[in-house]
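Comments concern the structure below.
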Amino acid sequence: SQQGEEDPQALSIQEGENATMNCSYKTSINNLQWYRQNSGRGLVHLILIRSNEREKHSGRLRVTLDTSKKSSSLLITASRAADTASYFCATDGDQGGSEKLVFGKGTKLTVNP
Amino acid sequence: EAQVTQNPRYLITVTGKKLTVTCSQNMNHEYMSWYRQDPGLGLRQIYYSMNVEVTDKGDVPEGYKVSRKEKRNFPLILESPSPNQTSLYFCASSLGTGGQETQYFGPGTRLLVL
């Protein structure tokens, strides 16, 4: 079962601009994570935000979580060409526990120099 | 260096020929899992393991088997591969349960079944 859905599917911006990606999910969650994947490579963890948190920062990354709307957003500020990658949100399984991690289909971000 | 390793990285095989993709982690993680990634479908979980001898199905377990005899290893077995199992496979591990902890991913295994 697919839990998270990212939006947009693809995003192209210029270096220095901010990039915002959104993730919506269907059922209650305990945690939401964001991952990054460079083309064909393994995923790299960016941020984990728990259901009782509303916002988290890590360097140029800002993640928000709105459990009432069942949505999260990932903001990358002052983007760089090296930020070009696919970004995925992942949520706990939709069966109440945290044993399973369900990924969305991802947003492909291209940052043009 | 803390890492998750997978072997082989690339594999071409034929329908019906049993194969095993190995996964090993050196971080003493309890939780390990396998995912497949297909264009337009994102990552889908195949199987996961909470600890030694404890495994459970993910969202797409059909056609796959796993075992967890040792904490560090979590091999993925395709008893009779079919072309629809052509995919990019990732192994991942974490200290605690998947949804609560950072997942560390291997580099991926690209499988082509003819």
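Residue numbers begin at 1 in each chain, while the letters A, B, ... track the order of the sequences.
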Note to self: Nearest 0.5 angstrom please: Q37(A) CD to L88(B) CG, how far?
What the structure shows: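 If we round to the nearest 0.5 Å, Q37(A):CD and L88(B):CG are 7.0 Å apart.
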Notebook entry, point to check: Atom CD in Q100(B), atom CZ in R50(A): separation rounded to 0.5 Å?
Noted result: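 One finds 7.0 Å between CD of Q100(B) and CZ of R50(A).
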Checklist line | Region of Q9(A) in contact with chain B, defined by heavy-atom distances below 4.5 Å | finding: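 The answer is neither part of Q9(A).
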Next item on the list: Measure distances from L43(A) to the heavy atoms of chain B and classify the residue's part below 4.5 Å as side chain, backbone, both or neither.
Entry: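 Looking at L43(A), backbone and side chain both touch chain B.
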Next item on the list: Please step through side-chain hydrogen bond (donor to acceptor under 3.5 Å, both in side chains) for the pair Q103(B) and Q33(A), ending with a clear verdict.
Entry: CA-CA 9 Å; Q103(B) 296 293 300; Q33(A) 303 184 41; 5.9 Å; no
Can you confirm whether [X] sits close enough to [Y] that some side-chain heavy atom of one is under 4.5 Å from a side-chain heavy atom of the other?
X       : Y       : result
L43(B)  : L101(A) : no
F88(A)  : Q37(B)  : yes
K100(A) : Q45(B)  : yes

Checklist line | Y48(B)-Y89(B) co-clustered via ILVMFWY side chain contacts under 4.5 Å | finding: no
Checklist line | Hydrophobic cluster membership, F105(B) vs W34(B), 4.5 Å side-chain cutoff | finding: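 No; W34(B) is not reachable from F105(B) via cluster members.
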Next item on the list: Heavy-atom distances under 4.5 Å only: say whether Y35(B) touches chain A with side chain, backbone, both or neither.
Entry: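 Contact with chain A involves the side chain of Y35(B) alone.
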Note to self: Please identify, among R110(B), M50(B), E101(B), the residue contributing the most non-hydrogen atom pairs under 4.5 Å to chain A.
What the structure shows: E101(B)
